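Worth saying up front: this structure is predicted, and the values here are computed from it rather than measured.
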Amino acid sequence: MLLTSLLYKFGIKHVVVCPGSRNAPLVDAIARCEDTYWVHPVTDERSAGFVAIGLAETCSEPVAVCVTSGTAVANVFPAVVEAYHRNIPLVVVSADRPMEWIDQMDGQTMSQPGAYGRYAEYCNILPASDDEERLWYNNREMNRVLGYVELSKRPGHINIQLKEPLFDFEPTELLINDDERRICQNPVQLSSISEEVQNEWKCAKRRMVIVGQLRDWSPELTQQLLVRQKCGEIVLLAESLSNLPKYCITGRNYDIDPIDGVEAPDLVLYLGGHIVSKKLKLWLRKQNIEHVWRIDHWTHTELSDTFMQLTRRFFVNDEAEFFNKLNPATSKSKSEQNFCKTWKNRLYQYDQKPQQTVVDMLMKKVGIFDTVVLANSSSVRYAQRSKYHDAANAAYVTCNRGVNGIEGTVSQAVGCALSDDYQRTICITGDLSFFYDHNALWNTEVPSNLRILLINDGGGEIFKGLKGLEKSPVRDTLVMAGHQTCAKGWCEDSGVDYMKVAVEDASKGVKWLMDEDRNVASVLEVSIWV
């Protein structure tokens with residue numbers, strides 16, 4: 001492997017590694033070179049960068065830190081700046097998503113090449129291939145950056161774009177479609193919608209409307225979607241983070257695998273921000289969909305082709321106004337009705353892991369004015385699948401889905417709670433997200449209306465579901481960041497009420513946490529691994 005070979009040739013012996021899935025092949029490769037590298041696992045990227053500085057300073061040699069994609073890269077920035085000003089040879093090795101998925105509302109993506117600006121020399125390594133020029137280019141660029149670090153004693157950044165599948169350690173080839181696709185971008189003034197667009201909508205037989213994360217939604221939009229869904233004109237998919245009332249949605253549980261027994265739509269209309277379900281996105285990308293429309297506000301400058309088949313893009317000021325101008329399809333054939341019925345039946349199938357049961361218990365008690373803050377990865381998915389969650393009963397549901405990073409969940413919940421002293425803010429988080437951000441409780445102002453459900457399954461449980469990752473002998477220790485930590489000490493030191501229960505006693509704990517007479521910030525830790 002080019003990375004492990006050149007790090008060795010440039011005298012790097014210490015590598016600090018952080019957990020994640022995108023960088024798992026890099027961590028696995030480094031860990032397998034046990035006679036060559038000392039591997040130091042550190043969960044928090046902010047801390048990892050400074051651990052690497054300490055090693056480099058005391059050993060008087062360059063040290064590498066390997067991180068996953070997204071905000072993990074940004075979290076090393078303070079250490080990079082420190083190393084720059086102190087002439088410490090720090091090498092950041094970051095895994096990245098393929099360049100074609102940046103700004104496409106795909107999970108955990110940001111523009112990583114050159115992310116550190118003047119503070120680090122960088123190269124962007126493209127996917128491996130049998131192309132001799134490409135192999136030469138990758139070798140040349142990596143040599144350039146490592147040579148700069150060696151000579152200048154300043155930071156370097158090697159950004160490596162990796163394609164899925166990540167865990168079979170085999171290079172993949174990019175599939176090329178010879179058919180050029182033109183994307184029509186339509187500024188809609190909403191005095192009218194063109195006849196061509198109206199005909200596409202009318203002639204479609206299997207219409208699907210997908211609503212991503214929304215901060216604000218209007219009663220007019222809700223009414224438009226409800227009417228079209230009830231009459232069988234559309235299958236309406238909207239996750240919890242859309243904040244649309246559940247009664248106007250075909251069903252929420254479409255993060256299921258596989259999506260069998262359902263026809264693909266022939267027209268998809270996508271509005272709002274990110275959607276959580278990776279499975280739905282991957283499934284739609286494999287389908288041959290005739291029309292894929294995207295509704296954007298004028299302020300959204302990126303061209304987001306999330307499902308890889310975008311045919312029309314509409315710029316609007318108000319989504320409800322768009323639907324007001326879109327003529328309803330008057331005739332509903334039997335095939336259209338079957339399409340809607342089949343999807344509805346499929347979307348009400350649920351699995352029942354212990355973690356899901358606990359989240360269901362809590363969601364059942366969410367009140368009409370509560371705010372729900374969800375951590376990324378497993379937590380947001382369990383809340384999404386909960387059969388008891390009705391967004392009409394929650395004032396607001398939110399999650400940091402811009403880049404889907406691990407950080408900031410508890411801090412965001414504290415901020416939400418501070419904004420309204422009279423209503424509860426309920427945070428649902430896993431253990432890595434909680435411990436990563438537990439400093440949010442280390443403040444003079446911890447609001448009494450804060451409630452935290454901490455599901456502790458001893459590491460990044462979501463990584464267990466990634467096919468192929470089980471082949472790595474360091475999955476549990478380095479990728480999942482396995483641990484046996486509990487929150488009791490932190491909560492007690494912060495003056496926060498705390499209760500720990502085993503998963504079998506979760507109902508007792510949830511009752512304690514959601515007691516309406518409780519008037520102090522509280523954490524319920526449900527232990528899955530004890």
Side-chain angles (χ1 to χ4, degrees), residues 105 183-204 206-252 254 265 267-276 280 291-304 306-307 310-330 332 336 340 343-344 347 368 371 389-399 401:
M105 291 190 179
I183 299 174
C184 301
Q185 301 192 58
N186 307 92
V188 178
Q189 302 300 330
L190 297 176
S191 55
S192 64
I193 291 179
S194 71
E195 183 177 350
E196 182 180 10
V197 172
Q198 296 283 12
N199 284 337
E200 284 184 11
W201 182 263
K202 179 181 178 181
C203 294
R206 301 181 302 279
R207 305 171 200 86
M208 177 178 288
V209 176
I210 299 175
V211 185
Q213 185 170 13
L214 289 178
R215 291 186 60 189
D216 304 300
W217 51 272
S218 64
E220 292 80 11
L221 175 61
T222 301
Q223 183 62 24
Q224 278 285 336
L225 295 174
L226 174 62
V227 169
R228 293 174 186 266
Q229 186 270 135
K230 285 185 70 174
C231 72
E233 184 180 359
I234 62 172
V235 164
L236 177 59
L237 305 185
E239 296 178 322
S240 302
L241 297 178
S242 72
N243 285 293
L244 288 175
K246 188 175 181 180
Y247 58 74
C248 73
I249 296 167
T250 306
R252 288 204 190 278
Y254 51 89
L267 188 151
V268 169
L269 173 56
Y270 178 23
L271 60 120
H274 293 250
I275 60 173
V276 174
L280 180 70
H291 306 290
V292 178
W293 297 357
R294 168 76 192 162
I295 296 179
D296 275 324
H297 284 276
W298 288 97
T299 54
H300 187 83
T301 56
E302 295 86 5
L303 179 61
S304 300
T306 307
F307 307 123
L310 189 65
T311 56
R312 292 191 184 276
R313 184 189 189 195
F314 303 96
F315 294 99
V316 302
N317 293 317
D318 182 356
E319 294 94 339
E321 211 173 347
F322 176 87
F323 282 99
N324 281 331
K325 299 296 181 182
L326 186 64
N327 296 333
T330 52
K332 312 295 183 304
E336 290 176 83
C340 295
W343 267 94
K344 184 173 183 178
L347 295 174
I368 190 169
T371 296
H389 179 56
D390 185 340
N393 291 335
Y396 189 54
V397 183
T398 185
C399 178
R401 293 299 293 178

Ile210 and Val268 have their tightest heavy-atom pair at CD1-CG1, 4.0 Å

Does a side-chain heavy-atom distance below 4.5 Å link Met208 with Leu269?
no

Closest approach of Trp201 and Arg207, non-hydrogen atoms and distance?
O-NE, 2.8 Å

Residues in side-chain hydrogen bond (donor to acceptor under 3.5 Å, both in side chains) contact with Thr306, at least two apart in sequence or another chain:
none

Identify the heavy atoms of Arg294 and Leu310 that sit nearest to each other, and give their distance.
CB-CD1, 3.5 Å

Taking all atoms of both residues into account, what is the closest heavy-atom pair of Cys340 and Gly232, and its distance?
SG-O, 3.3 Å

Hey, what do you get for CG (Leu280) to CG (Leu237), rounding to the nearest 0.5 Å?
6.5 Å

Strictly distance-based, threshold 3.5 Å: is any side-chain N or O of Asp296 a donor or acceptor partner for the main-chain N or O of Phe315?
no

Side chain of Glu319, backbone of Leu221: donor and acceptor closer than 3.5 Å?
no

Give me the atom names and distance for the closest heavy-atom approach of Gly212 to Ile275.
CA-CG2, 3.6 Å

Working to the nearest 0.5 angstrom, can you tell me the gap between Ile193 CD1 and Asn327 CG?
8.0 Å

With sequence neighbours left out, write down each residue that passes side chain to side chain contact (heavy atoms under 4.5 Å, CB included) with Glu195, or none if nothing qualifies.
Asn199

Evaluate the side-chain contact (heavy atoms from CB on, under 4.5 Å) criterion for residues Glu321 and Val316: first the C-alpha distance (whole Å), next the side-chain angles of each, then the deciding distance (0.1 Å), finally the verdict.
CA-CA 8 Å; Glu321 211 173 347; Val316 302; over 6 Å; no

By side-chain hydrogen bond (donor to acceptor under 3.5 Å, both in side chains), Asn324 pairs with (sequence neighbours left out) Gln224

Distance-minimising heavy-atom pair for Leu244 and Ala238:
CD1-CB, 4.0 Å

For Gln213 and Cys399, indicate whether the former's side chain and the latter's backbone hold a donor-acceptor pair under 3.5 Å.
yes

Going by side chain to side chain contact (heavy atoms under 4.5 Å, CB included), name the residues that satisfy it together with Arg206, two or more places apart in sequence or in a different chain.
Glu263, Asp266, Phe339

For side-chain contact (heavy atoms from CB on, under 4.5 Å), just list the numbers for Glu196 and Arg312, CA-CA rounded to whole Å, side-chain angles, deciding distance to a tenth of an Å, and then say yes or no.
CA-CA 11 Å; Glu196 182 180 10; Arg312 292 191 184 276; 3.0 Å; yes

Which residue in the set Met105, His274, Arg313 passes side-chain contact (heavy atoms from CB on, under 4.5 Å) when paired with Ser304?
Met105

Quick one: side chain to side chain contact (heavy atoms under 4.5 Å, CB included) partners of His291, sequence neighbours excluded?
Glu200, Leu267, Trp293, Thr311

Hey, is the main chain of Phe323 close enough, under 3.5 Å, to the side chain of Arg228 for a donor-acceptor pair?
yes

Just how far is it from atom CG of Leu225 to atom CD of Glu233, taken to the nearest 0.5 Å?
10.5 Å

Quick one: ring-ring contact (aromatic ring centres under 6.0 Å, His included) partners of Phe307, sequence neighbours excluded?
Tyr270

Val209 versus Leu271: any side-chain heavy-atom pair under 4.5 Å?
yes

